[in-house]
Participant: 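The structure is given below, and queries will be raised subsequently.
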Amino acid sequence: MFRRLSVFQLVVDIAFAAACLAVRFTMTVENPAMAAVVVLMALALALRRVSPALALAVAWVGAILQMLAGMTPDASNLAILAVLYTSARYGTRIVRWLGLASAGLGALVATIYLTSGPGLGLPDSRVLLGAILTFVGSAAVLGLSWTLGLLVLTWRTSIDSRRERGAAQRAVIVEQERNRIARDMHDVVAHSLAVVIAQADGARYASATDPAVAQDALATIATTAREALGDVRSLLAQLRHEQGDGPSPTLADLTALVEQLRASGLSVDVSGPIDATSLPAAQQLALYRIAQEALTNALRHGRPGGRATLSLDVGADAATLTIANTLAEHPRPVGRAGHGITGMTERAHLAGGSLTATAEGDSFVVTARIPVGSRS
């Protein structure tokens with residue numbers, strides 16, 4: 001029944017009602033009944049926002065008392081307009097419709113009260129016309145106050161709804177961006193650590209017999225770690241909103257990626273030329289990250305000394321990337337997809353395409369199909 005208002009709002013409403021009451025009492029007050037009506041109207045004015053239903057009831061009590069005392073309309077009756085406005089603006093559904101009914105009933109009661117009286121007899125045409133005009137004018141004034149409250153309520157509801165939708169959309173965008181950064185972080189760190197581990201193992205075994213090979217392996221470790229550190233710093237900067245662009249490799253960087261993995265001990269065969277300069281940057285990034293993850297998984301989980309093949313076919317409608325590697329002797333069950341396969345699948349879906357990762361014979365094959373054009 002009572003709405004929650006701030007202290008400032010309560011003080012403003014009470015002060016406004018008190019000011020109106022003081023102004024009215026500076027004028028002539030004919031009798032105690034009129035004084036009671038003025039006080040009731042001021043009380044309704046003070047309660048209009050904290051309890052629209054109670055304010056509406058108090059206003060009706062004041063109006064009925066005024067009519068029973070046979071008093072003419074008074075300046076304090078203007079409080080009724082404010083009460084009707086707040087019943088539509090702040091009232092519940094029931095109070096809102098009670099306000100509308102009060103506007104119609106009030107116009108009818110006011111018409112009967114003002115156009116009827118002793119000695120008038122049956123209404124002639126002039127009295128009937130006066131009654132009609134009085135009803136139309138009263139209904140217009142009272143109804144307009146209620147309608148304004150309803151319009152303001154609708155406007156504020158629309159604004160709040162748009163604000164909530166905007167907040168929800170921003171939350172979704174932020175979540176998608178964080179997921180993208182998390183995928184990039186996983187790809188960068190997992191690939192770099194796999195290369196570093198492979199090179200470190202090779203350097204450890206070669207240090208006693210071939211120091212030159214160990215030096216090359218250590219140089220590769222330093223280069224890989226330095227590049228990974230730069231990528232991680234850029235991704236963390238995005239999380240801190242210090243810069244807008246993160247690492248965005250393209251398919252032109254696949255050659256360097258393949259050479260890096262070859263140096264780490266994975267034999268990679270590239271089937272045909274990699275020419276995808278016509279692809280948009282988003283598709284190139286998705287294909288590069290999928291290739292990076294698939295080859296890194298081949299290095300980590302494939303058969304030691306095994307081989308991997310990479311092919312990229314760019315057609316008129318889609319680009320198809322296929323990566324196959326020899327399965328380990330005891331491979332992990334395909335159904336238990338880790339973060340790598342899940343991340344590759346999400347990248348393909350976000351680019352508008354699809355991805356399959358399954359065992360075929362003694363090979364594990366990853367196939368990504370990314371549409372070419374604006375559909376992605």
Participant: Output the distance between atom NE2 (His301) and atom OG1 (Thr296), rounded to the nearest 0.5 Å.
Facilitator: 9.5 Å
Participant: Would you confirm whether Ser363, through its side chain, and Ala359, through its main-chain N or O, come within 3.5 Å as a donor-acceptor pair?
Facilitator: no
Participant: In chain order, what residues pass the side-chain contact (heavy atoms from CB on, under 4.5 Å) check against Val39, with sequence neighbours excluded?
Facilitator: Leu21, Phe25
Participant: Run the side-chain hydrogen bond (donor to acceptor under 3.5 Å, both in side chains) check on Ser161 and Arg165 step by step: do they pass?
Facilitator: CA-CA 6 Å; Ser161 177; Arg165 287 198 302 269; 2.8 Å; yes
Participant: Between Leu10 and Val50, is the side chain to side chain contact (heavy atoms under 4.5 Å, CB included) condition met? List the steps.
Facilitator: CA-CA 8 Å; Leu10 286 173; Val50 70; 4.1 Å; yes
Participant: Are Leu321 and Ile370 packed together at the side-chain level, in the sense that at least one heavy-atom pair is separated by less than 4.5 angstrom?
Facilitator: no
Participant: Determine the minimum heavy-atom distance between Val37 and Gly62, stating which atoms define it.
Facilitator: CG2-O, 3.7 Å
Participant: Can you get from Trp97 to Tyr90 by hopping between Ile, Leu, Val, Met, Phe, Trp and Tyr side chains that sit under 4.5 Å apart?
Facilitator: no
Participant: May I ask you to test the Tyr288-Leu257 pair for a side-chain heavy-atom distance under 4.5 Å?
Facilitator: yes
Participant: Apply side-chain contact (heavy atoms from CB on, under 4.5 Å) to Ser271 and list each qualifying residue two or more places apart in sequence or on a separate chain.
Facilitator: Ser311
Participant: Of all the heavy-atom pairs spanning Thr115 and Ala131, show the shortest one and how long it is.
Facilitator: CG2-CA, 3.7 Å
Participant: Nearest 0.5 Å, what's the CG-CG distance between Asn325 and Asn297?
Facilitator: 8.0 Å
Participant: Quick one: side-chain contact (heavy atoms from CB on, under 4.5 Å) partners of Ala33, sequence neighbours excluded?
Facilitator: Asn31, Ala69, Met71
Participant: Would a 4.5 Å heavy-atom cut-off, applied to side chains only, mark Gln66 and Asn77 as touching?
Facilitator: yes
Participant: What are the two closest non-hydrogen atoms of Gly99 and Leu84, and how far apart are they?
Facilitator: O-CD2, 3.5 Å
Participant: Backbone N or O of Gln9 within a donor-acceptor pair of the Ser6 side chain at under 3.5 Å?
Facilitator: yes
Participant: Transitively linked via ILVMFWY side-chain contacts under 4.5 Å: Leu98 with Tyr85?
Facilitator: no
Participant: When you compare the side chain of Leu355 with that of Ile290, does any pair of heavy atoms fall below 4.5 Å?
Facilitator: yes
Participant: Is there any salt bridge (charged side-chain N to carboxylate O under 4.0 Å, His left out) pair reaching into residues 345-354, and which pairs are they, with sequence neighbours excluded?
Facilitator: Arg183-Glu346, Asp184-Arg347, Asp187-Arg347
Participant: For Ala110 and Ser138, which heavy atoms make the closest approach, and how far apart are they?
Facilitator: CB-OG, 4.3 Å
Participant: If I take atom NE2 from residue His349 and atom CE from residue Met344, how far apart are they, to the nearest 0.5 angstrom?
Facilitator: 11.5 Å
Participant: Which Ile, Leu, Val, Met, Phe, Trp or Tyr residues join Val12 in one cluster when any pair of side-chain heavy atoms under 4.5 Å counts as a link?
Facilitator: Phe8
Participant: Taking atom CG of Leu310 and atom CG of Leu254, what is their separation to the nearest 0.5 Å?
Facilitator: 6.0 Å
Participant: Please examine the side chains of Thr367 and Val365, heavy atoms only from C-beta on, and report whether any two atoms are closer than 4.5 Å.
Facilitator: yes
Participant: Other than Leu45, which residues form its hydrophobic cluster under the rule that side-chain heavy atoms must be closer than 4.5 Å?
Facilitator: Phe16
Participant: Do you know the tightest heavy-atom contact between Leu251 and Gln284?
Facilitator: N-OE1, 3.2 Å
Participant: Apply salt bridge (Lys or Arg N to Asp or Glu O under 4.0 Å) to Asp269 and list each qualifying residue two or more places apart in sequence or on a separate chain.
Facilitator: Arg307
Participant: Filter on salt bridge (charged side-chain N to carboxylate O under 4.0 Å, His left out), then keep only pairs touching residues 19-34, sequence neighbours left out; what's left?
Facilitator: Arg24-Asp74
Participant: Rounded to the nearest 0.5 Å, what separation is found between the CD1 atom of Ile80 and the CH2 atom of Trp60?
Facilitator: 8.0 Å
Participant: Would Ile14 and Met41 show up in the same hydrophobic cluster when neighbours are defined by side-chain heavy atoms closer than 4.5 Å?
Facilitator: no
Participant: I'd like to know whether Leu312 forms a side chain to side chain contact (heavy atoms under 4.5 Å, CB included) with Leu287, so could you lay out the CA-CA distance, the side-chain angles of the two residues, the decisive distance to 0.1 Å, and finally the verdict.
Facilitator: CA-CA 9 Å; Leu312 178 64; Leu287 290 170; 4.3 Å; yes
Participant: Do Ile64 and Leu81 share a hydrophobic cluster, counting only Ile, Leu, Val, Met, Phe, Trp and Tyr and linking them when any side-chain heavy atoms are less than 4.5 Å apart?
Facilitator: yes
Participant: Hey, does Leu295 have a side-chain heavy atom less than 4.5 Å from the side chain of Ile323?
Facilitator: yes
Participant: Quick one: side-chain contact (heavy atoms from CB on, under 4.5 Å) partners of Asp13, sequence neighbours excluded?
Facilitator: Leu5, Arg48, Arg49
Participant: On a heavy-atom basis, which atom in Trp146 and which in Ser87 lie closest, and how many Å separate them?
Facilitator: CD1-OG, 3.7 Å
Participant: Taking C-beta and beyond as the side chain, do Leu114 and Pro73 meet within less than 4.5 Å on heavy atoms?
Facilitator: yes
Participant: List the atom pairs, donor and acceptor, that lie under 3.5 Å between side-chain atoms in residues 151-159 and the rest of the protein, sequence neighbours left out.
Facilitator:
unit_1 : atom_1 : unit_2 : atom_2 : d
Thr154 : OG1    : Leu150 : O      : 2.9
Thr157 : OG1    : Leu153 : O      : 2.7
Ser158 : OG     : Arg162 : NH1    : 2.7

Participant: Can you name the residues that form a salt bridge (Lys or Arg N to Asp or Glu O under 4.0 Å) with Arg369, not counting sequence neighbours?
Facilitator: none
Participant: Check whether Ser51 reaches the backbone of Leu47 with its side chain - one donor and one acceptor, N or O, closer than 3.5 Å.
Facilitator: no
Participant: Going by the rule salt bridge (Lys or Arg N to Asp or Glu O under 4.0 Å), which residues pair with Glu259 if we only count those two or more places apart in sequence or in a different chain?
Facilitator: Arg262
Participant: State yes or no: do Leu56 and Phe2 share one hydrophobic cluster built from I, L, V, M, F, W and Y residues joined by side-chain heavy-atom distances below 4.5 Å, directly or via other members?
Facilitator: yes
Participant: Please report the interatomic distance CZ(Arg96) to CZ(Arg93), rounded to the nearest 0.5 Å.
Facilitator: 7.5 Å
